[in-house]
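The structure presented is a predicted model; accordingly, all values stated were derived computationally and were not measured.
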Number of protein chains: 2
Amino acid sequence: MKKSPTILDIAREAGVSKSTVSRILNNAENVSPRTRQRVLEVMLKYRYRPNIFARGLGGRRTGVVGVIVTDITNPFYSILVRGIEDVCRVYRYNIFLCNTDGREEEERIHIESLTERRVDGVILASTMLNEDSLAGLLERGVKVVLVARLLEDNSSFNYVVVDNAMGGYLAAKHLLTLGHKRIAYIAGPWFSSPNLDRFAGFQKALGEIGLGVDEKLIVQGDFTMESGYLAGMKLAKSSSPRPTAVFAANDAMAIGAMEAFSELGIDVPHEMSVIGFDDIPLGALRCIQLTTVSQSIYDQGAISGRTLIERILEPEKEGIQQIVLPPKLVVRKTCARVPGVESRNEGSGS
Amino acid sequence: MKKSPTILDIAREAGVSKSTVSRILNNAENVSPRTRQRVLEVMLKYRYRPNIFARGLGGRRTGVVGVIVTDITNPFYSILVRGIEDVCRVYRYNIFLCNTDGREEEERIHIESLTERRVDGVILASTMLNEDSLAGLLERGVKVVLVARLLEDNSSFNYVVVDNAMGGYLAAKHLLTLGHKRIAYIAGPWFSSPNLDRFAGFQKALGEIGLGVDEKLIVQGDFTMESGYLAGMKLAKSSSPRPTAVFAANDAMAIGAMEAFSELGIDVPHEMSVIGFDDIPLGALRCIQLTTVSQSIYDQGAISGRTLIERILEPEKEGIQQIVLPPKLVVRKTCARVPGVESRNEGSGS
DNA sequence: CCTTATAATGGTAGCGGTACCACTAATGGA
DNA sequence: TCCATTAGTGGTACCGCTACCATTATAAGG
C-alpha cells in the first residue's frame, strides 16, 4: 500500500512551495498560469487528492450530511433518500445513511456518531425523535431539517412535511362521499406526528357530518405491511358488524390489509373499500390500484436536501424554513360506493 | 454557535495535560483511576467529543466505508444496503451512500469523492464498473468488495455473488419441465455480468435438450419495471407465434411484463408463464405470486459488509475472499404447464 | 534612476489530536 | 541507605493543510 502523496510532495516535485500548491487547490487568483499548469500536471501525475482530514481540521465545512431514516428497505424512505441524494450530489455533498428501525437508542447513537464526524447538517426522517439529541446538534451549529415528521414544539426547526391533517380529511371525505359510515382506521404509532395528524383529519371529516370515530374500529399498526396484514385480519374477523371501508395511515399497511382481505375472500372494493396514504409506486400496479392520498415523497426529499444545504452554505440567513406541501387524492380502484346507498354525502341512507 | 471543546479545554479544566486526556480517550492502561474519573466527568460536563479530523490526520482508519449502488429506490439495492448497514453498525462503521443510475461517469465521480474522504473500503454494487477507478482505490490501500456483480478479471477482487448461471439454468429447467419450448428472455444490459450469466445458464438448459435460443424472443430491458413492461408489450404484440413463457433477468422486469400482459388480457400463467430472478418481497404479494429464482439479497449485503470490514481490520490477512452463493428456485403461481402437453421433459410432444 | 504599487511566491504558526520521550515520585530489593 | 524499576504524568514534534504575513520580482510613475 503506497502512502498517499501530500501537498509537500507535490510542491517539491513542481519546485514550488506548499503555499502555492494550496492556492491552486483552493482556486485562488494570484498564481501565474505557468506555475498553475505545472503544478496541475504534477498533481495529475501523482493522482494527488488533498487530505480531507487535514483540511477539516481548520474547522471549516466538511461537505457531509447525515440522513437518518427508520428503514431504507421501506420504499417511502428509499425514495425520500433518493431525493436528498440527488440534490446533495449537485452540491458535491456526501451523505451518511443511518437506519434506526424506529428505536430511540439507535437514533441517539447515530446522532452521536454523526456529531463526532462533524457533519454539516442532519436530515431527520426517522420515526422517533429524541429532543435531547437534537439540542446537542443545534448547540454545535449543525443544521437540522425534519422531513415528513414534526415535533411538539417545532418553532426552532426547519421542516418539510405534507399537510397530513388535510390528507386524512381528504381520505375520509372520499369514503364518506361514497356512502361509507363504518370506517375503520389502521393506525401508525401514536408518537408519530403523521399518524396523529392523519387521524385528526379523518376524525374532523367524520365529525362534520355528525359521525364519531368508533374506537373498536381503530386497529394498531406500525406502518409496516405485516402490521397492516394483521390489522386487516383482525378487522375482518373480530369486528361485527364489519366496517365497509378502511383508511390505513399509510400505503404499506393498506396493501397488507388487502392481502388479508384477499386471503379471506373479501372482495375489494365491493365488500370493502380501502384507502391508503403516501402513494408509493407499488400501489399503482395493475393488480393493486390502490386509492390513496398522494404526497410527493421524492420532492420532500429534494426540498429538505436543498433547505439543509442552503442553511449550511448561507448561515447568515438566520430564518427558519417551514414548508407544508399539499396532499392530493389519487382515486384508483380500491374504493367503491356502499351497495344500496344513493349518491348523497350525508343523511341516514340505506 | 458554540465552539466545540478541544482536548486542551478538557485538560485544563481537569488540571491535567493533553497527554493524559488523550490516554483516556484511547483507553490506555497507565492512568490512575482517580484521574480517569475526574477527566471523564469533565468530558461529560462539556459533552466533549474528540475531533475526528484531527484524529484522522494521523493516517489511521477512518471508520467509514462507501457503498455504491445503481439506485437505492430499487428494492434490490435497498435490501442489499440494509444488509451492509446492519453489519457496519456492529463495528461502528458509517457508510456513505452513492447512487450512480448506472452511469459510469457518476460512478467515477463518486469513487473519486470517496477516495478523497479517505474511506477505509468500498462496496461496489453498481451496474457499471470502471476498472481504472478500481485500480486507483486498490493503489491507495482502500479495500474493495464487489457484490452481486463481477468483472472480466476478478482474480484480485473480493466478491460476493450468487451463481447466476445456475440460477438461469434452474429457471429454464423449470419452464422446460412444464413443457415450454418457446421461451422468451427479457434481458438486462449485456455489460452486466448477472444478466450475461443468467442468460448463459438459460441457454445451457435449452441446449441440453437440443433447443436453441430464438433470437427473436430476446427482448432488451434494463432491469427496471418500465423496461419490463415495454418488453412484455413487444413480446405480446410482435412475436408470432407468441412464446408460451418468459424468463426475465430480474423480478422487476418480470412484474413489469406481467403488467403488460394483464393490460392486454393475456392470462398469467395459463396463456403465459413468467419466471423472474431475485425474489424481491414484492413478488410474494398474493396478487403477484411470482415464481422466481431466489438469491438472498440481504445476506449478500451482510456478507459483503463483513468481508470488507474483516479486510480492513485485519489487513495482514492477504487472502482474497470470493464467495458464490447458491440460488434457489421459488415456485409460486406464475408458471403453468403448457396446455395439451404431457408431463415429459424432452421429446417432440404435441 | 529611484520609489512605490502590484503580482507571485515563500515561510510559518496554528487546527486538535497521537506518539513517543522525558520526568517525577513511590516502591522494592540489595 | 542507595539504586533500579515502574506507574503516572507532562512536554513536544509531528500529521497535511490553510491562513496570514513576509519576501521577492516586476511594472508603473515621477
Tabulate atom names and distances for all N/O pairs under 3.5 angstrom spanning the protein and nucleotides 20-25 of chain D.
none

Quick test of your reading of the model: are [X] and [Y] salt-bridged, counting only N-O distances below 4.0 Å?
X        : Y        : answer
B/Glu104 : B/Arg108 : no
A/Glu41  : A/Lys45  : no
B/Glu310 : B/Arg306 : no

Point to revise | Test applied, side-chain contact (heavy atoms from CB on, under 4.5 Å); reference residue, B/Ser304; option that passes from B/Ile323, B/Leu146, B/Val147 | key: B/Val147

Practice item. Describe, in one word, how the ring planes of A/Phe53 and B/Phe53 are oriented to each other, choosing from parallel (under 30°), tilted (30 to 60°) and perpendicular (over 60°). Key: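 Correct class here is tilted.
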
Figure out the [atom1]/[atom2] separation between [X] and [N], and round it to whole Å.
X       : N      : atom1 : atom2 : value
A/Asp9  : D/dG16 : CG    : C1'   : 10 Å
A/Lys18 : D/dG16 : NZ    : P     : 10 Å
A/Ile10 : D/dG16 : CD1   : C1'   : 12 Å

Search all heavy atoms of [X] against all heavy atoms of [Y] and return the closest pair with its distance.
X        : Y        : answer
B/Asn99  : A/Arg89  : O-NH1, 3.3 Å
B/Arg118 : A/Pro50  : NH1-O, 3.8 Å
A/Val69  : A/Ile72  : CG2-N, 4.0 Å
B/Thr70  : B/Ala125 : OG1-O, 4.2 Å
B/Gly301 : B/Ile84  : O-CG1, 3.4 Å
B/Tyr93  : B/Arg61  : OH-CD, 3.8 Å

Check your understanding: Can you tell me how far the CG atom of A/Leu134 sits from the CG atom of A/Leu138, to the nearest 0.5 Å?
Key -> 6.5 Å

Review point. Of all the nucleotides listed (D/dT18, D/dG10, D/dA13), which has the minimum atom distance to the side chain of B/Ser17?
Key: D/dG10

**Study point:** Near-strand residues of residues 46-54 of chain A, defined as heavy-atom separation under 4.0 angstrom from DNA chain C
**Key:**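 DNA chain C contact set from residues 46-54 of chain A: none.
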
Revision key, fill the gap. Within residues 24-40 of chain A, the residues having a heavy atom closer than 4.0 Å to DNA chain C are A/Asn30, A/Val31, A/Ser32, A/Thr35

Please output the side-chain donor-acceptor pairs of residues 18-29 of chain A that fall under 3.5 Å, not counting sequence neighbours, one pair per line with the distance.
from	atom 1	to	atom 2	distance (Å)
A/Thr20	OG1	A/Ser17	OG	3.4
A/Asn26	ND2	A/Ser22	O	2.8

**Study point:** Check: A/Val144 main-chain N/O paired with A/Asn158 side-chain donor or acceptor under 3.5 Å
**Key:**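 Looks like yes, one N/O pair under 3.5 Å.
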
Practice item. For the pair B/Arg55 (side chain) and B/Thr62 (backbone), establish whether a donor and an acceptor sit closer than 3.5 Å, ignoring hydrogens and angles. Key: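 Checking the backbone N and O of B/Thr62 against the side chain of B/Arg55, no donor-acceptor pair under 3.5 Å is found.
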
Check your understanding: Per the end-axis method with five pairs at each terminus, what is the bend angle of the helix from C/dC1-D/dG30 to C/dA30-D/dT1, to 10°?
Key ->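 Comparing the first five pairs with the last five, the axes sit 60° apart.
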
Check your understanding: When you list every nucleotide of DNA chain C with an atom under 4.0 Å from a heavy atom of chain A, which one comes first 5' to 3', and which comes last?
Key ->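 On DNA chain C, the outermost contacted nucleotides are C/dA8 to C/dG16.
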
